[in-house]
Amino acid sequence: MTFKLDRRSVLGGSLALGTSSLALPRLAFAKVGGERNLLLVLLRGAADGLAMAAPVGDPGLADLRGASLAEYDGARQADSFFAIHPAFVNVGNAYGAGEALFVHATATSYRDRSHFDGQNMLETGASVPYGKSDGWLNRLVAMLAEKAGQDAPRALAIASTMPLALRGDAPASSYAPSALPQASDSFIDRVGLLYADDPVLGGLWSRALETQAMAGDDGLRNLRDAQAAGALAASLMRGDDGARIAMLELVGWDTHANQLGAFRRNVSQLDALLGAYRAGMGSAWASTIVMVVTEFGRTARFNGTNGTDHGTASAALLMGGAVKGGRMIADWPGLRTANLYESRDLLPTIALESVLAGAVAEHMALDPDHALTRLFPGRSGSPLVGIIRG
């Protein structure tokens, strides 16, 4: 079913050793928040929420995107109003099992249409582009350490470089498979000896080697195989020594032309990643949430090349054994021209910051209001709660 909300309350192998502060007194990683796991998947390029979960019950959709309606013939109906994109096979199954939900017509407080500025606000959690230099996910790591009075939970970016969302004072590392030859054991030993007496680099080097060992020799040379990337993410988050917080990125969502085919391929890749991750997590899936987000949405109308241009509101996907799923959350604004943002985009009615803050606070047993203030400073409104199973 679609949950209607009061919009006034919610609108508003290569190894990298990562820490932006070289004065951190402790480098060990602790289990914080029990065995709760969080994976953030960022879809770079502005993914089309109207295609992820199509509002087939809105008569305005046929006027705007009549050419796309056949895509949803026989697709899984999320409810009487929304249909899930047919390439979401694993996601659809999770939705049917009550382990996935969509939040629709959602966006950050960013209202322009620059990928760079939009991604910066989404990753930093700032109220204006480039308003902060650290990431909200890194601040979450710090919050969890403060709450437990222990060292930080292990945070990991599965990427060749540290994404902005995980940069900051709290310790975080990154890992990506590499096509370069494996260094010899003697070289690794010599580097270890070089770092042994360094209070910062010694601990980070040891953790990096542990991460590489957990990944194993799986034959990966890059992260282009989304299914393999999902399995890799699970292998790095399982068990007591695994990361509790991790981040992955998928690119290619900027569908200015011939969107139907490109979007189907992208969704198939995302679905394969999520399916492999779910399978790889095993029993830990029950205490896991995955948050799939993008910097903004696409135009409501197709353009002259059967694509869509930069828009405003999109959809967020939350999935996991800890998610109270099987539902669509939306304060639906409608698709008539008069209801569109600037007569062209899906109007945002739910603040994405409130979704993220509410979900992580519930999952990690944090105070939701404090989480919103700390992770996304300068925001008004209330965190969206009720996402996580009680």
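- In terms of modelled atom types and a separation under 3.5 Å, the side chain of S174 and the main chain of A157 share no donor-acceptor contact.
- Judged purely by distance below 3.5 Å, without hydrogens or angles, the side chains of N138 and R167 never pair a donor atom with an acceptor atom.
- If you run salt bridge (Lys or Arg N to Asp or Glu O under 4.0 Å) between R298 and each of D48, D309, D254, only D254 comes through.
- Side chain of E295 to main chain of A46: a donor-acceptor pair is present (N/O by atom type, distance under 3.5 Å, no hydrogens or angles).
- Between the side chain of R327 and the backbone N or O of K324 there is at least one donor-acceptor pair closer than 3.5 Å.
- Between A83 and Q77 the shortest heavy-atom distance is CB-NE2, 3.5 Å.
- The main-chain N or O of P129 is never found under 3.5 Å from a side-chain atom of D117 such that the two would form a donor-acceptor pair.
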Exercise for the section: Using the side chain to side chain donor-acceptor pair (under 3.5 Å) rule, take N120 and Y110 through it: C-alpha gap first, then chi angles, then the decisive distance, then the call. Expected result: CA-CA 10 Å; N120 181 274; Y110 181 66; over 6 Å; no

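- One finds no salt bridge joining R36 and E362 here, because no Lys/Arg side-chain nitrogen approaches an Asp/Glu carboxylate oxygen to under 4.0 Å.
- Defined by atom type and a distance below 3.5 Å, a donor-acceptor pair is present between the side-chain atoms of Q259 and T308.
- Within the 4.5 Å cutoff, the side chain of R389 has no heavy atoms near those of the I289 side chain.
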Set out, in order, the CA-CA distance, both residues' side-chain angles and the distance that settles side chain to side chain donor-acceptor pair (under 3.5 Å) for R301 and T337, then state yes or no.
CA-CA 10 Å; R301 295 179 181 86; T337 300; 2.9 Å; yes

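- Ionic pairing of R113 and E342 is present here: one or more N-O contacts between side-chain nitrogen and carboxylate oxygen are shorter than 4.0 angstrom.
- Between L144 and Q150 the shortest side-chain heavy-atom distance does not fall below 4.5 Å.
- A ring-centre distance under 6.0 Å is not found for W253 and F296.
- When atom types are taken as modelled, the side chain of E123 and the backbone of L164 share a donor-acceptor pair closer than 3.5 angstrom.
- For the pair F82/W332, a side-chain contact is recorded, criterion being any heavy-atom separation below 4.5 Å from C-beta on.
- Side chains of E353 and W136: a donor-acceptor N/O pair is absent below 3.5 angstrom, by distance only.
- Looking only at atom types and distance, the side chain of S114 has no donor-acceptor partner in the side chain of D112 under 3.5 Å away.
- In this view, E249 and R44 satisfy the side chain to side chain donor-acceptor pair (under 3.5 Å) rule, not counting sequence neighbours.
- Listed for the T299 side chain is no donor-acceptor partner under 3.5 Å among the backbone atoms of R344.
- L335 places a side-chain heavy atom less than 4.5 Å from the side chain of L346.
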Assess whether side chain to side chain donor-acceptor pair (under 3.5 Å) is satisfied between N93 and R76, documenting all intermediate values. CA-CA 9 Å; N93 290 337; R76 180 185 291 270; 3.2 Å; yes

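- Side-chain contact of D345 with T312: a donor-acceptor pair under 3.5 Å is present, judged by distance alone.
- The main-chain N or O of A351 is found under 3.5 Å from a side-chain atom of S354 such that the two form a donor-acceptor pair.
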